[in-house]
Amino acid sequence: MSDLRLSDAERQDALDVLEEHVRSGRLDIDEYGTRSAKVTAAKRVSDLVPLFDDLPSPRPSALVNGAAVPGVPVMTGESQVQRFLNASAVPIAIVVAIAVLVLSRGRLLIISVALPLVIAMLAGLRRRR
């Protein structure tokens, strides 16, 4: 099997998948830094395999679509829409909380604290389904 070279888009996808593993708590920030540096330096699809072989789904598209190395199981990950929703729930909650705080001039401080927590809990419930 030929070992294909990685495109910039495939490297970026691999970095996005690593970020998802950090958000889910599978990787700490130091491990993310080490692996992301290796992803950035990767030239071929096979360079990505050892960086993801101990991680479950999601997997980078280069490993899923290219079936890089025989014998390495790959599973399809979340769709791009699901990743966007999972990644954007907390920033949206923070923006809404700040807007409520500014518009209420501090009177609704409890809502600006409770609203992000409720949204984060709902996002967590949505991920478990």
Side-chain angles (χ1 to χ4, degrees):
M1 168 178 265
S2 65
D3 188 15
L4 300 176
R5 293 184 65 87
L6 287 169
S7 69
D8 290 342
E10 289 169 327
R11 274 189 213 88
Q12 185 58 51
D13 178 57
L15 290 171
D16 294 343
V17 171
L18 280 178
E19 289 174 12
E20 176 63 30
H21 287 299
V22 171
R23 283 192 295 274
S24 66
R26 290 187 190 99
L27 294 176
D28 62 25
I29 197 69
D30 293 329
E31 184 71 17
Y32 170 76
T34 301
R35 291 185 191 211
S36 64
K38 290 179 181 178
V39 166
T40 304
K43 300 285 185 209
R44 302 195 175 275
V45 174
S46 62
D47 297 340
L48 296 180
V49 173
L51 303 175
F52 292 92
D53 63 353
D54 63 337
L55 296 171
S57 181
R59 304 286 240 162
S61 62
L63 296 181
V64 174
N65 297 335
V69 177
V72 176
V74 292
M75 297 181 289
T76 57
E78 296 176 309
S79 72
Q80 289 181 346
V81 172
Q82 288 171 325
R83 275 194 210 156
F84 172 76
L85 291 175
N86 290 341
S88 63
V90 173
I92 289 171
I94 291 170
V95 169
V96 169
I98 291 171
V100 168
L101 180 62
V102 168
L103 294 174
S104 68
R105 297 185 186 149
R107 286 183 241 145
L108 298 176
L109 182 60
I110 190 69
I111 291 175
S112 67
V113 172
L115 186 63
L117 294 175
V118 169
I119 292 173
M121 289 186 329
L122 292 174
L125 290 174
R126 187 178 65 222
R127 283 188 206 151
R128 290 184 190 155
R129 291 184 189 175

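Looking only at distances, no side-chain donor or acceptor of E31 sits under 3.5 Å from a matching main-chain atom of D28. Counting only distance, with no hydrogens or angles, the side chain of D47 and the backbone of K43 share a donor-acceptor pair below 3.5 Å.
Listed here is the closest heavy atom pair of V39 and A14: CG1-CB, 3.7 Å. In terms of heavy atoms, V22 sits closest to Y32 at CG2-CB, 3.5 Å. Of all the heavy atoms in V45 and A62, the pair that sits closest is CG1-O, 3.8 Å. Across every non-hydrogen atom of R5 and E10, the tightest pair is O-OE1, 3.9 Å.
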Test side chain to side chain contact (heavy atoms under 4.5 Å, CB included) applied to L51 and L18, step by step: CA-CA 9 Å; L51 303 175; L18 280 178; 5.8 Å; no
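Note that the CG atom of L15 and the CG atom of D13 stand 9.0 Å from one another [nearest 0.5 Å]. In this structure, H21 NE2 and F52 CZ are separated by 6.5 Å, a value rounded to the nearest 0.5 Å. Summarising the geometry, atom CG belonging to L55 is positioned 11.5 Å from atom CD belonging to E20; distances are rounded to the nearest 0.5 Å. Here the straight-line distance linking atom OG of S36 with atom CG of D16 works out to 11.5 Å at 0.5 Å rounding.
Look at R11 and D8 and you find a salt bridge, because one of the NZ, NE, NH1 or NH2 atoms lies within 4.0 Å of a carboxylate O, short of that distance.
The only member of R26, R35, R59 that meets salt bridge (Lys or Arg N to Asp or Glu O under 4.0 Å) when paired with D54 is R35.
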